[in-house]
Structures are given as structure tokens and as C-alpha cells.
Student: 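To start, I am sharing the structure in question, which I have written as C-alpha cells.
Sequence lines set the chain letters: A, B, ... in the order given, protein chains first and strands last, and positions in each chain run from 1. Small disclaimer: the values here were computed from a predicted structure and weren't measured.
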Protein chains: 2
Amino acid sequence: MSKKIYFSTIHQIIKTGHWITDSVSSELKPFDISEPQYNVLRTLNSQQHQPLTVEQIGKQMIQRSSNVTRIIDKLLGKGLVSRKECPSNRRKMDIMITPEGRNFLRELDVKLAQWHSPLLNKLTDEELQTLTRLIRKLRK
Amino acid sequence: MSKKIYFSTIHQIIKTGHWITDSVSSELKPFDISEPQYNVLRTLNSQQHQPLTVEQIGKQMIQRSSNVTRIIDKLLGKGLVSRKECPSNRRKMDIMITPEGRNFLRELDVKLAQWHSPLLNKLTDEELQTLTRLIRKLRK
DNA sequence: GAACTATTATTGTATATACAAATGTTGTTA
DNA sequence: TAACAACATTTGTATATACAATAATAGTTC
């Protein structure tokens, strides 16, 4: 494997990842919410009406609990999530998305769908599968 | 194009990008240098003995000048780069890597080459080219 | 050449994140 | 049960980064 092509490829991967998250951040900016805050909301929403602990959120987001705590502090201040002691284990915290959070998230998702929309047809399903397969192979 | 596959793919891209930069950061940690600081050093070194301005470094790193300034502050404190007013245009700053910086960078590169080494043969040249082509196609 | 504009770097501020340390709760074991 | 270990969250601290504002120099135009 040529080193030159290898380094050029991983550079592309890193750059593209940044491009996507930076773009999402820009779309969210008018709503005064950050991309990590949005991801916490989405994670909570995917659980329907079940709470998640700080640790569980961190696992899903590949984030340290300490940092999840601070993101939740921000969301709490906006009334988008609730946090209360877990009754069965008082070390844990039950974090849930509030109805306001759910409504807000719907707005954000509409906006972001518009950003993703033109990308949806850049690659065929087969190409996407190849892309995913090759990236996974690189890490395996 | 299936939305499900699309979102799974971009998620993979973002995750893999983070995996690479986080791994590089870990390798650099024993040397007490951050990944962005390392990237500035590399950028300066690629210019041989020509200085670069703050803006030029920022362009290459896809970084804002304001943040490049602060990274250079750190490198200055370690004696790895020099910063002086550009004689022909006193708004600009001439940033250069010092001999110590160059030696240090060589050490870092050896260490990082060891990290990349096992990845070099995960994909064939052809697969790498396909990967790069598909990622580029997604953004185009 | 004076007034205005553009360029370049820096500083200020808010958010995110890595890592270490601290706090409080639960589980274990002597 | 008392002492200790493990777990879950939070707080502290340093770095990076986005964005806005500032400062200083250079270029432009009247």
C-alpha cells in the first residue's frame, strides 16, 4: 500500500468528518444550540419515554461522562431536558427529554434534513455500502 | 439512496476521523504536545527554511488565524518555533520552525509512523483510491 | 497627504473536550 | 457492622476552536 495514497485518504476522511459536523453546527446556530447539545437531545429522544443515565448517553455519543454532565447543564437551562436522581440507584441520574425538547428537536430535524437532502443522491446505495465497508476495513 | 445507509455512512466517516485524531493525540501525549501543535510544526517543516505567516498556516490547517496565534504561543513557549515581524509587511508575522523543533518533530514522526504502520496494509491501493473517490463524490 | 477601507494578527468570550481529582452511593468482605 | 473497593456523577483545569471585536499596518481615493 502506497503511503502517499494512504495519508491522502485518511486526510480526506478527517476533513470530510469535520465538514459535516461544521455544517451541521452552522445550521443549528440560528437555533442557539450546539451540535453536541443536539446529539444529546437526539439520543434521549430515541429512547421514547425511557430515561437514560449520564453514562449511557456518554456511551452512545462516545463522550466522557464529565462532559456529558456539562452539556446536560446547558440543556437543563433551556428547559429541553429534565434530570433527577434515579430512585433505584441514587448514584445515577435519570435524564429525559421534555415535551418542549421534543418539539424543538422536530424543528431542528426539519432544518437539518434540508441540509442533508442534496447529499442523499450523490452516491448510490451500492457506493455507500462500499464506502462503509472500506472504512470499516481500515479500522478492523 | 436509502436514508438509513446514508446516515450510517456519514456516521462512520465522522467516527473514523475522530478515531484517527484521538489516536494520534494519545501517541503524542507522552511528548507533551497536542495534535494541533504537531500539525503546525509539520506545516512549518514542510516549508524547509521559508517562514509562513499566521494566515498561511491557518489556510493549510483549515483553522482560523486567531486560533493559530494561540497554538503558536504554546510552541514559542517550548522553543519549537520562532515568530518575528515580517520586514516587508509589518502586519504579518514570519513563523519558522527552530532546529529544536525540527529535531523534536523527527521524534514524533517516528512514533506516529509506528501507529500508522499496521494500518498501511489494511487496504490495497485500489481500495484506497475507491475510498477517496467516493468520499470526494459525496462532497462534490 | 488626509480620510477611508482592507488586511493581518491578536484578544475576549463561550462551548466542547481530555484527563485528573473529588464527592457521594452502593457493594463486598473481613 | 466497619473498612474497603467499585461505581456514577460532578468539579477543576488545560487545550482547542468558533465567532466577535480590537489594534495596527498597508493600500486607495479624493
Student: Say whether A:Thr98 and A:Glu100, considering side chains only, have a donor N or O and an acceptor N or O under 3.5 Å apart.
Tutor: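 Short answer, yes.
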Student: Spell out, as yes or no, whether a donor-acceptor pair under 3.5 Å connects the side chain of A:Thr16 to the backbone of A:Ile13.
Tutor: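 The answer is no, because no donor-acceptor pair under 3.5 Å joins these two groups.
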Student: Let me spell it out: for each of B:Pro36 and A:Lys29, pick the nucleotide of DNA chain D with the closest heavy atom. Which residue's pick is nearer the 5' end?
Tutor: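 So the residue in question is B:Pro36.
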Student: With no hydrogens and no angle check, do the side chains of A:Asn45 and A:Arg42 hold a donor and an acceptor under 3.5 Å apart?
Tutor: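 Checked: A:Asn45/A:Arg42 side chains show no N/O donor-acceptor pair below 3.5 Å.
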Student: Would you kindly give the CG-to-P distance between A:Asp73 and D:dT9, to the nearest whole Å?
Tutor: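 Interatomic distance, CG of A:Asp73 to P of D:dT9: 13 Å.
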Student: Take atom NZ in A:Lys59; do more than 12 heavy atoms of anything else shown fall under 6.0 Å from it?
Tutor: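 No.
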Student: With no hydrogens and no angle check, do the side chains of A:Asp109 and A:Tyr38 hold a donor and an acceptor under 3.5 Å apart?
Tutor: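 Yes - a donor-acceptor pair under 3.5 Å links their side chains.
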Student: Polar atom pairs between nucleotides 24-27 of chain D and protein, under 3.5 Å, N or O only, would you list them?
Tutor:
from	atom 1	to	atom 2	distance (Å)
D:dT25	OP1	B:Arg90	NH2	2.8
D:dT25	O2	B:Arg91	NH1	3.4
D:dA26	OP1	B:Arg90	N	3.1
D:dA26	O4'	B:Arg91	NE	3.3
D:dA26	O4'	B:Arg91	NH1	3.4
D:dA26	O4'	B:Arg91	NH2	3.4

Student: Any luck finding a side-chain donor-acceptor pair between B:Glu127 and B:Thr130 under 3.5 Å?
Tutor: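 No, because no side-chain N or O of B:Glu127 sits under 3.5 Å from a partner of the opposite role on B:Thr130.
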Student: Using a 4.0 Å cut-off to any heavy atom of chain B, which nucleotides of DNA chain C are the first and last in contact, reading 5' to 3'?
Tutor: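 Answer, 5' to 3': C:dA6 to C:dC19.
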Student: For A:Glu35 and A:Asn39, does a side-chain donor sit closer than 3.5 Å to a side-chain acceptor?
Tutor: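 There is such a pair between these side chains.
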Student: Under the 3.5 angstrom rule, does the side chain of A:Thr9 hit a backbone N or O of A:Ile5 as a donor-acceptor pair?
Tutor: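 At least one qualifying donor-acceptor pair exists.
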Student: Report which part of the nucleic acid A:Gln63 touches: base, sugar-phosphate, or nothing (heavy-atom distance under 4.0 Å, all strands).
Tutor: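 Result for A:Gln63 = sugar-phosphate.
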Student: May I ask you to decide if B:Gln48's main-chain N or O and B:Arg102's side chain share a donor-acceptor pair within less than 3.5 Å?
Tutor: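 Yes; at least one donor-acceptor contact below 3.5 Å.
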Student: Which part of the nucleic acid, if any, lies within reach of A:Gln37 when heavy atoms closer than 4.0 Å are counted: base, sugar-phosphate only, or nothing?
Tutor: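 The answer is sugar-phosphate, as A:Gln37 gets under 4.0 Å only of primed atoms, P, OP1 or OP2.
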Student: Is B:Ile97 reachable from B:Leu108 through a run of hydrophobic residues whose side-chain heavy atoms are each under 4.5 Å from the next?
Tutor: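 Yes, one cluster joins them.
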Student: Group every Ile, Leu, Val, Met, Phe, Trp and Tyr by side-chain heavy-atom contacts under 4.5 Å, then state whether B:Leu75 and B:Leu28 land in the same group.
Tutor: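 Per the 4.5 Å side-chain linkage, B:Leu75 and B:Leu28 are co-clustered.
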Student: By the 4.0 Å heavy-atom rule, please label B:Thr53 as base, sugar-phosphate, or nothing.
Tutor: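 Sugar-phosphate: the residue B:Thr53, judged by heavy atoms under 4.0 Å, touches backbone atoms but no base.
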Student: In residues 64-72 of chain B, which residues come under 4.0 Å of DNA chain D by heavy atom?
Tutor: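 Close to the strand are B:Arg64, B:Ser66, B:Asn67, B:Arg70, B:Ile71.
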